[in-house]
Structures are given as C-alpha cells and as structure tokens.
Amino acid sequence: MTDIKSDEGLEAPNNNEHINFHHPYTPYDVQLQFMRTVYNILEKGGGQVGILESPTGTGKSLSLICSALTWLRHHKRSRFSASFDETSAAMAGEPDWMIEAALRRKRQELARLWEEREAALRKAREKERQEEEKAAMGLHGRSVKRARVDDGEYGKRKKGEIDEEREFLVGDWADGTVTGDGLAGLSKETRELMAKVGLGGAQGKEGEEDCSLIEEEVKIYYTSRTHSQIAQFIGELRRPAFPTSIPEDMLSTDNLGKGPPTEPVKQVPLSSRQKLCINPSVARLNSLSAINDRCTELQQGKSGHKCPFIPNADNLKQVHEFRDTVLASLPDIEDLYRVGKDLQVCPYYASREAIPGAEVVTLPYPLLLQKSAREALGIKLEGNIVIIDEAHNIMDAIANVHAAEIRLSELRRAREMLGVYVKRFGKKLKGENRMMVAQVGRVVESLSEWLNTALNGKGDHGIVDSNSLLKARGADQINLYQLIKYIQDSKLAYKVESYVSHKEEEEAQGQGKTSTTTPVLHTLVSFLSALTNLSTEGRIFYEKLLTTPSDIKLSYLLLSPTHAFSSIVSAARAVILAGGTMSPFDDYKAHLFPMLSEDKITTLSCGHVIPSSNLFVWTLASTRPGQQGSAAASDAFEFSFQKRSDPAMIRQLGLVLLNICSVVPDGVVVFFPSYSYLDEVVAAWQAPETQNGPSVSFQRKQTLWDRLAAKKTLFRESKGGSSDEILQQYSDAIFSAGTASRQQLDPTGRGGALLLSVVGGKLSEGINFSDRLGRCVVVVGLPYPNINSPEWKARIEYVETAAIARLTSSKTSRFEGEGDKTQSRALTREEALPLARQVARDFYENACMRAVNQSIGRAIRHRGDYAAVVLIDRRFGTDRIRGKLPGWIRQGMVEGSENKGLAGLMSGLGSFFRGRSG
Ligand code: SF4
C-alpha cells in the first residue's frame with residue numbers, strides 16, 4: 001500500500017491519525033475516535049470484530065458511514081494499484097516498453113469501464129429526478145405499458161368463477177422433484193429463467209457488455225432493528241460525498257472538474273415480499289408465509305397463471321432500468337417499491353440485480369441473521385463487512401428470529417382446516433399426497449394430545465422433553481424433515497388456508513359478514529422446523545395462557561446465539577456491533593463469539609458530545625444521608641423481588657418523586673422494573689393514607705397520587721395500551737405548559753408532566769425523550785428477569801454447562817470473568833464450577849443492566865441537550881453494578897451521591913437546573 005496525501009482522501013495511509021473521513025461537518029473528538037476505530041478494524045480485516053458504544057445524539061450513523069465508506073474507497077484504490085503490480089510481476093522478464101504498454105491498456109480499460117458505468121448511473125439519476133419533478137407537478141411519470149395483473153382465478157374472488165381443483169388442490173409430489181426454496185428463495189424455474197436472460201449474476205447476456213454490472217468486490221452489509229432505522233441510515237448516506245474509487249490520475253480530463261472528483265455511493269435496500277410485492281392480489285394476503293407461497297406458486301405457473309412482474313426476457317429493459325435507478329439514487333424501501341411499480345417490474349426480485357454493483361446493502365435483521373434467508377437471497381458474507389447497528393439486543397434478536405411457538409387453539413384450527421380440505425379434495429389426492437397429508441394430521445393430533453394433557457395438569461409452565469411431543473398416533477415414526485419439505489414444496493399450508501378462507505368468505509358474504517383466517521399451518525411448519533433444529537442450544541417450553549377459553553402454548557427458544565452468529569463472524573472480513581448503549585461488553589465476547597481470541601476483538605465506549613455540565617447522575621440509596629448503601633441499612637432503597645412490596649419504601653419512593661417534580665422543569669420519566677410492580681406502586685399511591693401511615697397530617701389527607709398530580713400532569717404506561725397515544729398526550733402536556741422559564745414562574749409550581757414507564761417496555765426503546773420531554777430520567781430498582789421462569793432457568797443452566805465445558809477443555813485458555821488473566825491448563829470440574837456459576841450470574845445481571853442502560857439512554861439526544869439521571873436503589877452504588885453502566889453515565893456520576901440522601905439530591909438538582917431554560 002502506498003503512502004499518500006491522506007487529507008485529500010486518496011489511498012489508505014499507514015496510520016489513520018490524519019485521514020479525511022469526508023464527514024459533512026467538522027467532527028467532534030469522540031466522532032473522530034469512533035471513525036478511526038472503525039477504520040482500523042476494517043483495515044485489519046481477518047475476521048476482526050468491533051463492539052462500539054457511542055451514545056445517541058453523537059452522530060453514530062454518520063460516523064459509521066464516513067469511516068466505512070472512506071475505508072472502502074481507499075481499499076478499492078489500493079486494489080487498483082495492486083492489480084497493476086500483479087500485471088507487472090506476471091510480465092517480469094519482458095521488455096519495459098511492453099510492460100508499460102500493457103499497463104497503459106489496462107488503465108485505459110478500467111477507466112473506460114468505470115466512466116461508462118458512472119455515466120449510465122448519472123443518466124439514470126437525471127431521469128429519476130425528472131420523474132420526481134413530473135410527479136410533483138402532477139404530471140404522468142414513466143410511460144411503461146401496464147402489465148395486466150393475472151395472478152390466478154383465486155385473486156378475482158368471484159363466487160362461482162373459481163376452478164377450485166386447479167387453484168387449491170396440491171400438485172403431484174414425489175420426494176425431491178420440486179425445488180425446496182425455503183421461505184424466501186426463487187423457484188428453480190425462475191432461477192433458470194433469470195439465468196437464461198442474463199439475470200441473476202454479474203454476467204450480462206453473451207456478447208453484451210453491460211457496464212452497470214461491474215461487480216463490487218467488497219460490500220458493506222448494514223442491518224438495523226427496524227425499517228425506520230434503516231431508512232434513517234439511508235437518509236444519512238445521502239449527506240457526505242466520497243472521492244472516486246478509481247485513482248484520479250486514471251480519470252480522463254472530462255471527469256476532472258475544479259475540486260477533487262467524487263463518486264456517489266451505490267446502495268441497495270433488501271426486504272421481504274411483504275414490503276415489496278407489487279402484485280395487489282398477492283400483497284393483500286394476510287401473512288408473509290402466504291405471500292411467499294403464493295408468489296413462488298405464481299412463478300411456477302402450475303395453476304396456469306404467472307405473476308406478470310417477475311423479471312423475464314420480455315421485461316429485461318425495465319429490469320436494467322430498475323437496477324440502474326436503484327444504484328444511482330440511494331433509495332429506501334418505499335422508493336424501491338415505487339420504482340418497481342412505475343416500471344412494472346417486481347422490486348423484490350429485480351433488486352437482486354443491483355446487488356453485484358452495490359457497495360452498501362441494507363437489510364433488516366432477520367434477512368442477515370438467518371443463514372437460510374441469506375442463502376435464499378444469494379448473500380455471501382465472505383470477505384465482506386457486516387455492520388450491525390442498534391446491536392445492544394443482538395442476542396435477543398438472534399433468539400427471536402429462530403424462535404417458534406404454537407398454541408393448542410391453533411392446532412385445533414389446523415385440524416379443522418385439514419378436515420375441510422380433505423373432505424373436499426380427499427378423493428382427488430394421489431397416493432403420495434394422501435399419505436403426507438395424513439401425516440400432517442397425525443402430527444397435529446399428537447401435539448394437541450400432549451397440550452391437552454398439560455392443560456389439565458398441575459403445572460403452569462415448564463420445560464418439555466421434545467421426544468414426548470410426538471409419542472401419540474405413531475407420529476414419532478414420521479420423518480419430520482421429509483414432512484416439512486413436503487409442506488413447503490407442495491405449498492400445502494397455503495393451499496389449505498386459502499381454500500378454507502375462500503369457503504369462509506363465501507359463507508360470510510352470504511351472511512353479510514367478513515371472514516378472517518390466521519395462517520396456523522404456516523405456524524405449524526415453523527414450529528416443526530424448530531423441532532428438527534433442536535440441539536443442545538435450544539429448548540421447548542410449555543406455558544398455560546391466561547385467556548378465555550383456556551389455552552396453552554409450546555415455544556421453542558434458542559438458548560445460545562453462538563452457533564447462529566459464528567457463521568457470520570467466520571465469513572466476514574470484519575463485523576462491527578454498534579449501539580448507543582452496548583455496556584456491559586463482556587456478554588458479547590462470552591456468548592456471541594467465545595471462540596475468538598482477544599486480539600480479534602476491539603471495544604470502544606465513546607464519551608458523549610455534551611459538555612460534562614449538561615449531565616447530572618445521582619444514585620439515591622436512601623432518603624437519609626450516611627452510609628445507607630449497605631444491605632443492612634434498614635431504610636435503604638432496595639427494590640428486589642423480596643423487599644419491593646414494603647409499603648413504607650413505596651411511600652418513600654412517592655415522596656422522592658414529589659420532591660424531584662418540584663425542582664425539575666418539564667418532563668420527568670420514571671422507569672419501573674415491571675408492569676405488575678408499576679401497578680402495585682400506583683395502587684398504593686392512590687390509596688388514602690391511613691392513620692397508621694407515617695406522619696399523616698391534615699394536609700396529607702390527599703393521596704400521594706393527588707399530590708403528584710398537583711405538581712405535574714400524570715401519565716402511565718400500561719401493558720396493552722398504545723404507547724403512541726400516551727407519548728402524544730405526554731408531549732402535549734409539556735409543550736402546552738409554555739416554556740420552562742414560564743413554568744418556573746408559575747406560582748402554583750405546577751408544570752410539565754410525569755410519565756411512569758417500564759424498563760424493557762414500549763417506551764424504553766427507540767423513543768426519544770430529548771430536551772423538555774426528558775429533563776430527568778429516574779430508574780427505580782434493578783429489573784432482573786424472573787429467575788424462576790422456565791426460560792431463565794434453562795438459559796442459566798445452559799450458560800453454566802457451556803462455561804464448564806469450555807473451562808475443562810484443554811483447548812480453552814481464556815476465561816471471560818477473569819479479565820486479562822488467562823488459563824494455561826484445563827480446569828477440573830470442581831475448579832470450574834464456581835467460575836461457571838459466576839459466568840451465569842454475570843449473564844443474568846448483564847441482561848438486567850442492558851435494559852437499564854437502554855432506558856437511561858432515552859435522555860440526552862444531542863449536543864445542546866441536558867438532563868438529570870437518578871438511579872434509585874442502593875445496589876446502583878456498588879462497584880459491580882456501576883461497572884456495567886455506559887462509560888458516559890459513569891463519568892457524569894456525582895461522586896459519593898449514594899451517601900448523600902434526598903437532601904443532597906435536592907440540592908444537586910436545584911443547582912443543576914438553576915438558570916437553565918428552554
Ligand atoms: S413476483 Fe414479485 S410482484 Fe409477483 S407475486 Fe412475487 S413478489 Fe409479488
């Protein structure tokens with residue numbers, strides 16, 4: 001790699017101190033630190049992993065973009081140089097003039113390809129701009145002949161017109177004759193068709209040069225938790241301008257303007273058919289699985305119909321236009337859908353044509369985290385960069401994408417549906433089909449029997465021995481793999497559900513009602529797939545549900561994300577896990593990639609961009625000053641499960657909030673450990689205070705709730721309630737109260753709002769309590785998960801067992817709980833046991849602290865913001881718990897606050913808010 005002038009953004013310098021990251025603003029020090037760290041990790045490659053924490057409001061997305069894209073462009077330029085070196089080396093011994101001529105030809109050829117592609121994309125961008133202008137002026141956009149949507153007779157849904165057999169009867173089936181395409185893949189026929197017309201790869205038609213198909217060797221796969229977070233990321237991608245990926249001295253003079261030449265980023269967003277299907281009669285089906293099944297069926301054309309939007313030889317021109325528009329315009333999912341609709345070509349499939357030419361591919365969690373989904377989409381992570389944003393919940397996200405559950409009521413419905421189907425088509429089903437449908441029936445019966453027995457049994461929940469589930473009706477003799485393959489290939493679930501839905505709609509229309517069906521057979525397939533995947537890393541649980549009529553469910557839980565994540569880490573050049581609050585870090589190392597050596601992992605906890613005077617963090621261990629933080633102190637706050645119902649402590653908590661609300665302007669948000677505890681506390685505050693209660697005077701006949709309501713408008717999150725509605729009302733209450741300074745002058749002292757919320761609840765993630773919405777965030781207690789639940793028991797047991805296995809293995813030399821200390825020998829089981837128990841305890845505690853950190857992270861969202869954070873529980877004063885708070889919160893902690901009591905807190909809050917307004 002050549003050293004060059006780094007501040008002009010040319011090639012990768014050897015040290016990254018002076019790199020110009022092309023940040024659109026002057027970056028703060030913490031942003032520079034973050035970008036340099038990302039750059040280093042990507043440059044090192046070789047399976048490096050970065051766990052990076054940067055508080056919300058510090059411009060994390062832009063820092064990720066600037067560092068990753070700057071690195072990518074540097075890398076591409078260095079690849080150009082390397083390829084010339086390779087050519088020279090291959091021609092060693094030839095005369096110099098020949099080598100120079102060959103190099104010149106190569107340079108010209110590469111530059112021509114690059115320039116032609118950029119010109120094509122410029123043209124597509126210009127056309128897109130004109131289309132947008134026309135659309136804005138209400139003029140007609142692209143003139144593409146509208147495809148007649150002929151998705152089959154079922155789509156028309158006119159009574160009496162449907163050929164039921166052609167539409168709903170499963171086709172002939174013999175094992176292995178139909179491509180099992182998983183849930184999201186292309187059918188074999190479509191793949192072949194696409195290959196025939198030059199789609200489905202980086203190659204154009206024979207003899208045809210298609211410059212837009214230059215394949216990007218290294219890609220950045222970016223994923224985040226929600227579609228809106230991905231859309232925001234794409235919005236940020238539009239801001240910076242990066243230098244060309246080809247060295248400037250290779251460009252023709254036409255491309256050399258006044259400033260350094262830039263090259264727009266090429267990005268394609270991927271999503272499911274549910275978001276991208278433009279065939280109205282398929283898109284309106286009520287589940288992703290039904291849409292997937294119907295779509296693949298329409299490609300096979302077995303019912304005599306095909307989706308007119310699937311890429312094929314007839315719409316090749318539109319597909320290429322779609323691809324170029326996508327690569328040229330940094331679209332989000334909505335844009336992709338619109339372009340596909342305008343061009344009358346399926347955006348779900350056509351977007352794959354843009355993948356080879358994309359530098360950045362954005363996609364939701366499930367498409368990246370599931371190996372089967374990656375394979376179906378043709379995503380190869382080998383040698384590429386993976387960025388996982390909002391990664392604090394990545395372990396839960398992995399568990400969620402692999403989770404499956406089924407209820408007894410759904411199994412009953414499945415049996416009923418199969419009955420209706422077999423009654424209509426039973427005689428028409430050919431031998432193999434009839435046998436397989438009967439097997440599905442037996443599996444449903446067996447699962448139902450097991451659940452019926454459990455429903456009438458004593459326990460409310462527990463772990464299930466998976467072998468016992470299929471004991472009845474000889475279901476344990478059935479080859480589940482073959483059965484699942486049959487259901488997927490034959491689209492049996494879709495056929496049965498759509499036939500029953502069709503029949504019920506007919507009946508409902510006759511009675512003037514509307515019919516709704518839930519995709520229970522698809523749910524069954526997911527659950528059966530989980531059963532076949534069951535390994536030491538997964539468990540099945542049962543749980544009775546508090547519903548009327550009574551119901552019970554089986555659920556599959558992946559206990560460890562290690563195996564699922566290892567396929568990503570082992571393939572990628574580098575993986576970045578980024579988030580606003582990633583602390584505590586140890587869990588990721590111990591449970592996501594325990595096989596990685598320390599030198600492959602980089603961690604960074606960035607400070608905040610706010611001045612330290614804008615943050616006030618306080619631990620309130622007790623209302624009284626002194627060494628109250630110890631467990632022995634009688635009036636210390638400790639909201640553990642055993643102690644939290646103490647009426648005196650609940651009352652003290654109310655008085656603390658009353659005091660906080662007297663000095664904090666605008667919004668105060670309080671996070672409780674659970675909905676049930678929030679209900680208990682509110683009920684206690686709403687109850688009249690009895691004569692036995694401590695110091696009840698005349699004035700105190702008002703309830704604590706009334707007194708809080710006299711200070712601020714009260715809001716409370718409820719389990720089933722709408723968070724949007726509460727948030728809107730809460731925000732209205734704050735903003736209708738005028739400015740903070742006016743409120744402080746209000747002689748009644750009332751102003752702003754108090755929101756009682758729950759850690760891990762709907763308001764604790766992704767919601768922004770910036771500025772006046774969150775001048776103080778209070779966390780009550782430590783929200784440990786319920787250790788007595790079967791899921792947590794199983795998790796802890798798994799973590800302990802896995803730790804023992806690691807510690808007693810001669811190959812293992814690292815123990816996570818021991819910091820830098822490493823083991824040089826395998827431990828005996830007796831030695832390993834206490835260490836393994838500590839690993840399990842940490843795992844449990846870290847789950848709690850991740851949730852706390854998320855809640856705290858709701859406050860302070862930008863550089864000018866300021867807020868107080870009050871942690872109420874003596875345990876927040878311990879070093880162990882403090883060590884698990886984000887670095888920026890630890891830095892903002894008032895020293896010794898845990899010993900200063902309520903008076904200290906009030907004086908601290910008073911000084912913090914004095915003189916501030918707005
Ligand atoms: S090919 Fe595309 S538009 Fe047609 S049904 Fe499938 S997803 Fe929908």
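Atoms within a ligand are numbered from 1 in the order they appear, just like the ligands themselves. Just so it is clear, the model here is predicted, and its values are computed rather than measured.
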Mind checking salt bridge (Lys or Arg N to Asp or Glu O under 4.0 Å) for Lys503 and listing every partner two or more places apart, or none if nothing turns up? Glu164, Glu506
Residues in salt bridge (Lys or Arg N to Asp or Glu O under 4.0 Å) contact with Arg238, at least two apart in sequence or another chain: Asp335
For a 4.5 angstrom cut-off between non-hydrogen side-chain atoms, does Tyr486 reach Met435? no
Leaving waters out, which protein N, O or S atoms fall under 2.8 Å from atom 4 (Fe) of ligand 1? Cys307 SG
Salt bridge (charged side-chain N to carboxylate O under 4.0 Å, His left out) partners of residues 354-371, not counting sequence neighbours, each pair once: Arg73-Glu359, Lys76-Glu359
Please examine the side chains of Asp342 and Val339, heavy atoms only from C-beta on, and report whether any two atoms are closer than 4.5 Å. no
Can Glu497 and Arg294 be counted as an ion pair, charged N to O under 4.0 angstrom? no
